[in-house]
Amino acid sequence: MAGIWLDVLDEIARTCREHGRGDLLQAVRQKRAQLLDPTLRVLVIGEPNQGKSQLVNAIVNAPVCPVGDGRTTVLPTVVQHAEVAAAAVVQVPPPTPGRSPGTALPGTVERTPVPVEQIPAGVAGSYGRRPGGGPAYVEIGLPRALLGAGLVLVDTPGADEIGTPAGVASVAALNRADAVLLVSDSTRELSVAELNVLLHVTRAHPNVLVVQTKIDLVPDWRAVADRNQRHLAEAGVPAALIPVSAALRLRAAAADDRDLNAESGFPALVARLHRDLAGKADVLARATVGLAARTVVEQLAAPLRAELESQQAEEQSGPMSRLHAAQREVEELRRCSVRWQNTLNDEMADLLSDIEYDLRERTRQILREVDDAFDTADPLVAWDTFQEWLSRNLTEAAEANHEWLAQRCDFVARRVAGHFARYGYDVLPPWSMTVPEDLAGRTPEIEQPNVDRFTVSQKVITGMKGSYGGLLMFGLAMTLAGMPMINPVSIGAGALFGGKSIRDESKQLLRRRQATAKTAIQRHVDDYFVRVVKDCRDTARQVQRMLRDHFAALTEELQEAIVQSLRTAKQAADTDAAARDQRQREIKLKMTRLAALYDQAQQLTAGRPAAAPLEPRA
């Protein structure tokens, strides 16, 4: 079984080396040397005045650690086997870069022998310790059978804040403990600080024991022990509790009283230490390797897991997200291109229709005024004045129509440019459309139409025609009365009928002139309307082509930039995805190996052989 846990421990060391964790590798190597050492180092910790030093004295049955008279333990005291009782202060040189605190090269430690009477001073740190040096501890050797079996006891200074992990960790690292005894007297229950330190210690040491001292001073120590065991169970601390009395143990040893010794509770504690010492190479070693594997796997897996999560986060916010954004931009530009073209075509079609309708309304208004004017006016008399009025009104209509055309074209340009607002461009074309200044000169002058004039000769002839009928009609009527045909009555009637004929013919000629003028003006206005509409259509088409070319060029420019961005993002995403996938495979492979290593180590603690054979030890 020793070969199996050693193989697992060596595999842990190789894993630390592969991950580049020299600190963990050094700790594993120290743990390997510690487990191969046949001695059992027991670290005794606890708050001040809990009976730690007296407990050590009772275990070895010798007053090796000073107690009472206000004596306090300042330096750790290592009690081990020696053929002859001796003591020394061992001081390690100050730590240097590249070397962990508490470690020293062989032959570099300073050992100062301490006389028996100076042991309390050495433990108090006032004898044998060089100021300015590194960590120091007192080493005491005794010829004891229990110590000769391989037991090493380490008494530690009391800490007011025992729950500080840094203090406990430093002491544990200095002494490389195989087992930890936390000492708490029976005058009170376990404190929160003591439970915290137990939780911390059990993460690094598989063999932790709570020793409840001074049971001889507290009558109801059993109730305190029961409550302490409940506290341990509730806190999840896998530590046994052994009540003892160092005073009874020492008194029993002095009187050789077996019953008193049994009452002290020390036989159970010593038996536990013997069992741990005998099982160090098997049970304790496998449990230690299991804890070491958990610690190493946690520290090695944490950065791998963080890197894996970071890569997954980068997948959402890195090159892949930029690729998706570029693809969305390409699709959005495609939709924008369709929208602005549809907007331009629809708006220009509406513009042409509205411009034509506006000009038609303006010319119809002019024609209505012309009809009203020539219902009473004579073209022969008012033509010059009318001609000037018509030219002015047609020019004003064309100017108003062109001005509205310019406004609508600017409106169309802004509507189309609105589709590019998200790109932050000033996309309006550099153009300005104004009303032509020569519209008045471009308005053709209407010529007066040929109309019938009522000349004097025509009036005479018309009067003679009308008077002849009246003279004849009244002359025949008068002949029936015996009067001659030509008489004053018939002549008067002829004159009357002649004047009426002249007036009627004059009115008919006026109506024909008015109708002729209206027709000519209608034709002129229609021709002018056609020309102006043709100019507006041509202008609108030119504006449409100009806007189309401008926004098409802008779309091509944007498309080129976006496509280039898409191409760059795709290349970056492909490169990043390949590297990320490769790294993720490496991380998952390492995580799988760590999980397999952890499982193998946990199988050791369950007493089963490793699931898979490991490589030979180096």
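What you see is a predicted model, and the numbers here were worked out from it, not measured in a lab. Quick note: numbers below take in every heavy atom, side chains included, and nothing from hydrogens, waters or symmetry partners.
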With a 3.5 Å distance limit and no angle check, can you tell me whether [X] reaches the backbone of [Y] through a side-chain donor-acceptor pair?
{"X": "Q50", "Y": "D185", "value": "yes"}
{"X": "N261", "Y": "D257", "value": "no"}
{"X": "S184", "Y": "L190", "value": "no"}
{"X": "S53", "Y": "C65", "value": "no"}
{"X": "E234", "Y": "H231", "value": "no"}
{"X": "K52", "Y": "E47", "value": "yes"}
{"X": "D178", "Y": "R41", "value": "yes"}

Would you mind reporting whether [Y] and [X] have side-chain heavy atoms less than 4.5 Å apart?
{"X": "V60", "Y": "H81", "value": "no"}
{"X": "R111", "Y": "Q91", "value": "no"}
{"X": "T77", "Y": "V64", "value": "no"}
{"X": "L209", "Y": "L182", "value": "no"}
{"X": "Q54", "Y": "T213", "value": "no"}
{"X": "V224", "Y": "D226", "value": "no"}
{"X": "V296", "Y": "T15", "value": "no"}
{"X": "V208", "Y": "L198", "value": "yes"}

Minimal non-hydrogen separation, [X] against [Y], with atom names:
{"X": "S186", "Y": "I215", "result": "OG-CG2, 3.4 Å"}
{"X": "P267", "Y": "A262", "result": "CG-CA, 3.9 Å"}
{"X": "T202", "Y": "P238", "result": "CG2-CD, 4.0 Å"}
{"X": "A225", "Y": "L241", "result": "CB-CD2, 4.0 Å"}
{"X": "P206", "Y": "T288", "result": "CG-OG1, 3.3 Å"}
{"X": "F266", "Y": "R249", "result": "CD1-CB, 3.4 Å"}

Apply side chain to side chain contact (heavy atoms under 4.5 Å, CB included) to residues V8 and I12 and explain how you reach the verdict.
CA-CA 6 Å; V8 174; I12 294 174; 4.3 Å; yes

If you round to the nearest 0.5 Å, how far is [atom2] of [Y] from [atom1] of [X]?
{"X": "L300", "Y": "L24", "atom1": "CG", "atom2": "CG", "value": "5.5 Å"}
{"X": "L151", "Y": "I59", "atom1": "CG", "atom2": "CD1", "value": "7.0 Å"}
{"X": "L35", "Y": "W5", "atom1": "CG", "atom2": "CH2", "value": "4.5 Å"}
{"X": "R222", "Y": "R227", "atom1": "CZ", "atom2": "CZ", "value": "13.5 Å"}
{"X": "T39", "Y": "L147", "atom1": "OG1", "atom2": "CG", "value": "11.0 Å"}
{"X": "L55", "Y": "K214", "atom1": "CG", "atom2": "NZ", "value": "11.5 Å"}

Under the side chain to side chain contact (heavy atoms under 4.5 Å, CB included) rule, what do D220 and V218 come out as? Steps first, then yes or no, please.
CA-CA 6 Å; D220 60 341; V218 180; 3.0 Å; yes

For a side chain to side chain contact (heavy atoms under 4.5 Å, CB included) check, start with the C-alpha distance between V79 and D155, then their side-chain angles and the critical distance, and finish with the verdict.
CA-CA 8 Å; V79 181; D155 184 21; 6.0 Å; no

Considering residues at least two apart in sequence or located in another chain, which fulfil the side chain to side chain contact (heavy atoms under 4.5 Å, CB included) criterion with L248?
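In terms of side chain to side chain contact (heavy atoms under 4.5 Å, CB included), with neighbours along the sequence ignored, L248 is linked to D216, S245, R251, L260, E263, S264.
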
For the pair [X] and [Y], find out whether any cationic side-chain nitrogen is under 4.0 Å from an anionic carboxylate oxygen.
{"X": "D276", "Y": "R272", "answer": "yes"}
{"X": "E298", "Y": "R203", "answer": "yes"}
{"X": "R14", "Y": "D10", "answer": "no"}

State whether a side-chain donor-acceptor pair under 3.5 Å links R144 with N61.
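The answer is no; no qualifying pair exists.
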
Run V42 and V180 through side chain to side chain contact (heavy atoms under 4.5 Å, CB included) and show every step you take.
CA-CA 6 Å; V42 180; V180 178; over 6 Å; no

